[in-house]
Amino acid sequence: LAKTTQPISMDSYEGQEVNITCSHNNIATNDYITWYQQFPSQGPRFIIQGYKTKVTNEVASLFIPADRKSSTLSLPRVSLSDTAVYYCLVGAISSGSARQLTFGSGTQLTVLP
Amino acid sequence: EAGVTQFPSHSVIEKGQTVTLRCDPISGHDNLYWYRRVMGKEIKFLLHFVKESKQDESGMPNNRFLAERTGGTYSTLKVQPAELEDSGVYFCASSFPMSSYNEQFFGPGTRLTVL
């Protein structure tokens, strides 16, 4: 399994764009990059997933360079409610075969007023 | 649509006692997973059901832990006898039968405290 490295914590202010970078030097060819968000006293929640280049949804954007050895989760105009732990996960997807998720230590994002 | 539910939300027991945690997945989700986070550590996989069958139980720490999913609906995780190191938050998650995403839907967790 590819190991991921991300900052332990980050602070930001309301209205700013936040970029959280994850390093995954040993990513395999068939691995996807997935980000989860976890609020206190809740289970993790899927945010976004990508394989290469850029993926955008209503919540975030995910930037993946050509070598795929890192990825950046971008949260536009954060609010206080975006304060949470953000996990970067790397793993393969097999059609018709679900797999366990491997969580790292995550990044604690704190949004300040 | 109801999400994944877990019961109880908290459980405090004494060492040596038995505790049973329950998870109700999202209706139609054949895949059901158990994870746990012990104090200060990362969330770790315990096991994976596909319907009523155990697909992968490589993360189960020892034979004091028993998971069942009779009928392929809800699941229970029993710890017997509980030890101090079993304290932590136990998460259940479920996912669609065939998904091209690593998207699992997590419940709120059960916080287990063993005294």
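So you know, we letter chains A, B, ... as the sequences are listed, proteins then strands, and number each from 1.
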Can you check whether [Y]'s main-chain N or O pairs, donor with acceptor, with [X]'s side chain at less than 3.5 Å?
| X | Y | value |
| --- | --- | --- |
| A/Ser71 | A/Ile64 | no |
| A/Gln37 | A/Ala84 | no |
| A/Thr21 | A/Thr72 | no |

Identified side chain to side chain contact (heavy atoms under 4.5 Å, CB included) counterpart of A/Glu14 within the set A/Val78, A/Leu112, A/Leu80: A/Leu80

A/Ser41 versus chain B, the contacting section by heavy-atom distance below 4.5 Å: backbone

A/Tyr36 portion near chain B, given a 4.5 angstrom heavy-atom threshold: side chain

Face-on cation placement of B/Arg22 at B/Tyr74 ring, 6.0 Å and 45° thresholds: yes

Nearest-0.5 Å distance, CD of residue A/Gln108 to CD of residue A/Gln38: 10.0 Å

Hydrophobic cluster membership, A/Leu62 vs A/Met10, 4.5 Å side-chain cutoff: yes

Proximity breakdown for B/Ser9 and chain A, heavy-atom pairs closer than 4.5 Å: neither

Heavy-atom proximity to chain A below 4.5 Å, by part of B/Phe105: neither

Part of residues 106-115 of chain B lying next to chain A, heavy-atom separation under 4.5 Å: B/Phe106, B/Gly107, B/Pro108

Flag for A/Thr4-A/Tyr87: side-chain donor and acceptor within less than 3.5 Å: no

